[in-house]
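Chain identifiers are assigned alphabetically (A, B, ...) following the order of the sequence lines, protein sequences preceding nucleic acid strands; residue numbering begins at 1 within each chain. For the numbers below, each heavy atom of this structure counts, side chains included, while hydrogens, waters and symmetry mates do not.
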Amino acid sequence: MTAQEFKSNITTKRPRYADSRIPLLEAFSEKGSRNADYSRFGPIYELYIYAMMLGIKRKTRLPLPPRNLTSDFLELGKWKRDSSLVDFLLMIIFTQTEDLSFDWNELEDMEEEQLNKVVSEVITLIEEYANGGLEYLETLWQKGELDTSHYMFIDLYKNLN
Amino acid sequence: MASIINSISFKNFFNYYGDYDDTRYEFEEGVNIIVADNGAGKSKFFNAFLWLFYDQVLDSDDKQKKNVKDFAVKIISDKAKQETSIGDQVETGIKIEYSTGRYKYQIIKSFTATRISEKITDFDSWQVTINDIEIDKTDHILPKYKPVYDAEEKDTIVKQLILPTLRQYSFFQGEEVDKMIDFSKKSSIEEAVRTLTNISKYEEISKLVKEIAEKAEKDLNKQTKATSEHNDRLDKAIEEKEALELKLEQESEKLGEFKKLYEDAEQEKNNLEQNFANAEKRKDLDDKISDKSRILRGVKDDYDNFLDGINKRFFDGNFSWISLGFENSIEEFKTKIKEFRQVRYEKQALLNASENPNDFFTFLPVNSPDAVSLDSMIEKEHCFVCNREAKEGSEPYNHFIKLKERPKNKNPKSFVKNDLEDFFGNLQINATPFYNKFDTIQTSVLRTREREIELKERLDKLNSELKSLKSQRKDILIAGTDSEHIDNATTIINNYKGAIRRMEQAFTRIERLEDSIKSIKADIKNTEKEITNLRPKDIPEGYTINYEISKDLVEASYNAKERVFDKMVSLLESHANKHFQNLIKYNDIKGGVLKFEKTPSGGISLDYIDELGNEVSGASEGFQRMKKFAVVMAIISANTSHYNYPLLADAPLSAFGKAFNKGFFEAIPDVFPQSIILVKDLYDKDVPEKLTDLGLKLLKSDFIKTFHINEVDEELAQIERTTNIERRK
């Protein structure tokens with residue numbers, strides 16, 4: 001498998017989220033109704049990325065429910081087109097070594113089947129960190145601890161450093 | 001000594017539910033503020049004084065004043081009504097304490113209502129008995145209240161709180177300021193002057209001495225006729241004088257008529273002028289409003305887009321907020337990729353070595369050194385890698401040759417199954433914009449906030465400018481002429497011209513009549529001299545002296561009256577300007593002074609003129625009211641060194657801007673020893689303190705002596721609602 005094939009194997013995947021997160025996703029991204037009380041993101045993937053990074057910052061991975069209780073959305077490679085955002089995210093993801101069962105050099109010697117498993121492992125990592133981040137947002141939201149400022153997301157993000 | 005209201009308390013009075021002790025305001029000398037939102041008891045408070053002074057209250061439904069007796073059922077607190085069982089009684093009342101220098105009074109006005117049937121809001125369900133007014137009095141030395149029984153004394157005590165003639169200046173609701181003084185009527189300032197000065201005494205004296213003089217003249221003439229020395233020449237002179245006096249009277253009457261004509265025409269002209277100018281002004285304002293709205297929409301869009309875009313900055317490579325806090329991950333990536341590459345090279349080198357044991361062996365990366373460097377190394381017989389000499393024929397030199405001749409394998413045998421070097425390498429190269437912003441993110445978040453504040457300020461400024469334009473336009477509509485039609489405009493112009501023509505005609509006649517009156521007066525004076533010369537010498541001296549003195553007195557008293565009036569007007573002018581400048585201290589109004597002018601008809605007009613003497617027009621309703629309030633303050637301050645009554649004003653600020661509100665609170669202590677101001681403009685329900693910025697500032701100001709906030713729980717049904725009074729100061 002070439003570098004390009006490996007990358008496209010990752011970027012053609014559609015990460016999933018638990019159906020129970022739909023209200024949250026609608027409330028905090030443009031998919032929802034127009035008159036929201038809170039600051040919001042544009043497309044779902046923005047909130048999803050944000051949640052994933054929160055998850056990584058807070059080191060909270062949360063497994064998803066069985067597949068039929070989840071939904072997918074945009075392919076990873078189409079998140080923020082014409083930008084290297086996804087490359088940056090992959091950089092962060094591939095440094096989460098305590099979560100990943102392989103060593104970079106090992107990858108180069110794997111059989112295709114094994115490599116596909118690695119790709120799944122990476123996608124699961126993305127999904128589980130995103131789920132962890134969404135859970136955190138959801139809890140704050142339910143407790144009424146999210147403020148209504150336009151800077152709510154960046155403030156929250158900053159304070160987790 | 002001034003009357004100072006010490007406290008007011010209510011018992012089941014409208015929303016002021018509970019006994020007197022539960023709903024009590026305490027006040028001090030100086031400025032007292034009560035802040036309340038709509039429906040939180042401002043007008044009810046005001047109603048207490050309407051009850052005290054006039055046995056009336058204002059029905060907020062139709063803005064009519066109703067007698068307490070007829071309106072009683074509505075006055076009782078709904079909650080109190082509900083709590084009264086059929087057959088039981090409920091008492092409703094107001095209690096006011098006030099002091100003068102020597103005494104302190106407590107006044108209670110109340111009524112008792114007995115519930116007789118089910119429906120509590122029905123007037124028929126209650127039997128109302130108005131209780132006698134109770135007044136107690138104490139002096140400050142022995143503070144023990146004793147009841148006052150004498151009805152006349154009770155009446156005086158109530159009146160003394162604010163004298164009835166002064167109540168219009170001291171006790172009013174916002175819009176009443178407009179009616180206090182109507183500057184388009186000549187009599188308005190005269191009346192104000194009359195209310196507060198002793199000018200009518202001068203008029204009485206003037207009238208009295210005129211009567212005396214007439215009588216003295218009659219007596220003198222009678223004496224003259226009685227003497228033998230009397231002659232025809234004298235008779236003729238006296239007749240002549242009588243004829244002249246008759247003529248003077250007729251001409252004066254005519255002058256009065258023409259002055260009236262002039263005044264009417266002037267009034268019409270002023271009204272039309274306003275209409276005429278309004279049409280122009282409105283058009284002008286409409287254009288401005290439309291421009292401003294367009295700009296506002298643009299800025300609003302910018303602002304909305306900006307807000308929507310804030311979170312985009314997480315994912316935009318120019319800001320890269322998403323990378324915040326991931327510095328370590330990036331460092332780790334760099335370390336890992338270095339290790340990854342090292343392992344690869346080792347792997348590759350080992351593979352090469354094992355496959356071609358006789359071939360060269362190097363740990364240097366593939367194709368390194370490159371061909372150009374190798375050539376140079378061979379030529380200079382020097383190794384650039386280890387910086388050592390490598391003479392031709394030596395081992396290192398032969399190694400160069402070996403390297404130069406190394407197999408040029410375009411597709412080197414792959415030493416791994418999956419070559420992922422480019423995968424990791426490209427991630428690192430491509431993602432550069434996202435991980436080279438770590439140092440600038442904090443600043444960029446800060447700049448974003450600053451930019452937002454900038455936009456917000458711009459938006460607020462535009463909004464307030466637009467609001468002010470709209471309010472100016474509304475003022476024009478209030479002035480009563482939204483004339484949309486051209487024919488209307490033509491009529492206005494014709495009428496306007498007609499009014500000016502009539503003014504000019506009247507003015508010519510007034511001038512002519514004034515000249516004529518002047519010459520008749522001169523004739524009368526000369527005739528009088530002639531009469532004196534012709535008078536027989538044997539008339540008892542007393543008659544002549546009596547006549548002469550009374551004549552002088554007539555003139556003197558007339559002059560005195562005129563002088564007092566003129567002096568009062570100029571005093572009013574200077575006081576009004578002083579107050580006006582204080583009131584507009586924080587406003588953005590350029591210069592200008594108030595000017596009192598005598599009109600040809602003898603009235604006084606009030607103009608606001610700029611430093612070049614041009615009249616300033618087009619000011620908002622708030623500004624007009626401010627002008628009037630300055631005159632009201634002047635009427636009070638110009639007439640008395642110390643005004644002895646409190647100011648009780650409900651919503652005096654409703655039409656003013658913030659800046660004026662501030663000026664108002666600072667200026668009123670100049671005139672009123674105590675003022676109690678009910679105001680909603682300082683209320684802000686959206687902040688925890690419930691006060692606007694100005695409200696908070698005033699709360700801290702020394703000159704504000706007490707500060708109350710009324711709150712009503714709006715979530716309760718009307719029937720449950722009660723006003724809670726919170727004293728903040």
Measuring only between side-chain heavy atoms, which start at C-beta, is [X] closer than 4.5 Å to [Y]?
{"X": "A/His150", "Y": "B/Phe306", "result": "no"}
{"X": "A/Asn105", "Y": "B/Val416", "result": "no"}
{"X": "B/Ile330", "Y": "A/Thr95", "result": "no"}
{"X": "B/Phe314", "Y": "A/Tyr50", "result": "yes"}
{"X": "B/Ile322", "Y": "A/Ile49", "result": "yes"}
{"X": "B/Lys336", "Y": "A/Thr97", "result": "yes"}
{"X": "A/Lys7", "Y": "B/Leu420", "result": "no"}
{"X": "A/Phe153", "Y": "B/Ile310", "result": "no"}

Counting heavy atoms not belonging to [X], are there more than 12 under 6.0 Å from its [atom1]?
{"X": "A/Lys59", "atom1": "NZ", "answer": "yes"}
{"X": "B/Lys680", "atom1": "NZ", "answer": "no"}
{"X": "A/Gln4", "atom1": "CD", "answer": "no"}
{"X": "B/Arg458", "atom1": "CZ", "answer": "no"}
{"X": "B/Glu450", "atom1": "CD", "answer": "yes"}
{"X": "A/Arg14", "atom1": "CZ", "answer": "yes"}
{"X": "B/Asp460", "atom1": "CG", "answer": "yes"}

Practice task
Salt-bridge test for B/Lys417 and A/Glu108: reply yes if a basic N is under 4.0 Å from a carboxylate O, no otherwise.
Solution key: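 No, no charged N to carboxylate O under 4.0 Å.
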Problem - Charged N-O contact under 4.0 Å between A/Glu46 and B/Lys312 - result: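 Yes, A/Glu46 and B/Lys312 are salt-bridged.
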Practice task
First locate atom CG of B/Asn418, then atom CG of A/Leu107, and finally report the distance between them rounded to the nearest 0.5 Å.
Solution key: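 Output value for this atom pair is 8.0 Å.
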Is [X] close to chain B through its backbone or its side chain, or both, or neither, when contacts mean heavy atoms under 4.5 Å?
{"X": "A/Asp155", "result": "side chain"}
{"X": "A/Met152", "result": "neither"}
{"X": "A/Leu54", "result": "neither"}
{"X": "A/Gln96", "result": "side chain"}

Problem - Part of B/Ile441 lying under 4.5 Å from any heavy atom of chain A - result: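 Nothing of B/Ile441, per the 4.5 Å heavy-atom cut-off to chain A.
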Exercise for the section: Name the region of B/Thr448, side chain, backbone, both or neither, that has any atom closer than 4.5 Å to a heavy atom of chain A. Expected result: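 Both backbone and side chain.
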Handout entry: Among B/Val343, B/Val445, B/Asp422, residue most engaged with chain A (heavy-atom pairs, under 4.5 Å)
Key =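 So the answer, after comparing B/Val343, B/Val445, B/Asp422, is B/Val343.
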Problem - Selection from B/Glu452, B/Arg449, B/Glu421 maximising heavy-atom pairs under 4.5 Å formed with chain A - result: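 Winner by heavy-atom pair count: B/Arg449.
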Problem - Positions in residues 423-440 of chain B that reach chain A, provided some heavy atom is under 4.5 Å away - result: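 So the qualifying residues are B/Phe423, B/Phe424, B/Leu427, B/Gln428, B/Asn430, B/Ala431, B/Pro433, B/Phe434, B/Tyr435.
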Handout entry: Partner chain B: residue of A/Met91, A/Met1, A/Glu112 with the largest heavy-atom pair count (under 4.5 Å)
Key =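 Result: the option with the highest number of such pairs is A/Met91.
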Exercise for the section: Count the heavy-atom pairs under 4.5 Å between each of A/Asp87, A/Ile92, A/Ile56 and chain B, then report the option with the highest count. Expected result: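 Option with the greatest count: A/Asp87.
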Problem - CA sep, side-chain torsions, deciding dist, call: B/Phe315, A/Phe41, side chain to side chain contact (heavy atoms under 4.5 Å, CB included) - result: CA-CA 10 Å; B/Phe315 315 104; A/Phe41 286 103; 3.7 Å; yes
Exercise for the section: For A/Ile154 and B/Leu324, work out which heavy atoms get closest and say how close. Expected result: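 Minimum heavy-atom contact is CD1-CD2, 4.3 Å.
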Exercise for the section: Check the pair B/Phe333 / A/Phe94 against ring pair (Phe, Tyr, Trp, His ring centres under 6.0 Å), numbers first and verdict last. Expected result: CA-CA 8 Å; B/Phe333 189 94; A/Phe94 275 89; 8.1 Å; no
Exercise for the section: Verify whether one side chain among A/Ser39 and B/Asn311 offers a donor that lies under 3.5 Å from an acceptor in the other. Expected result: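 Yes, side-chain donor-acceptor contact under 3.5 Å.
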Practice task
Could you give me the CA-CA distance, side-chain angles and deciding distance for B/Ser323 and A/Phe88, then say whether side chain to side chain contact (heavy atoms under 4.5 Å, CB included) is met?
Solution key: CA-CA 9 Å; B/Ser323 67; A/Phe88 171 74; 3.4 Å; yes
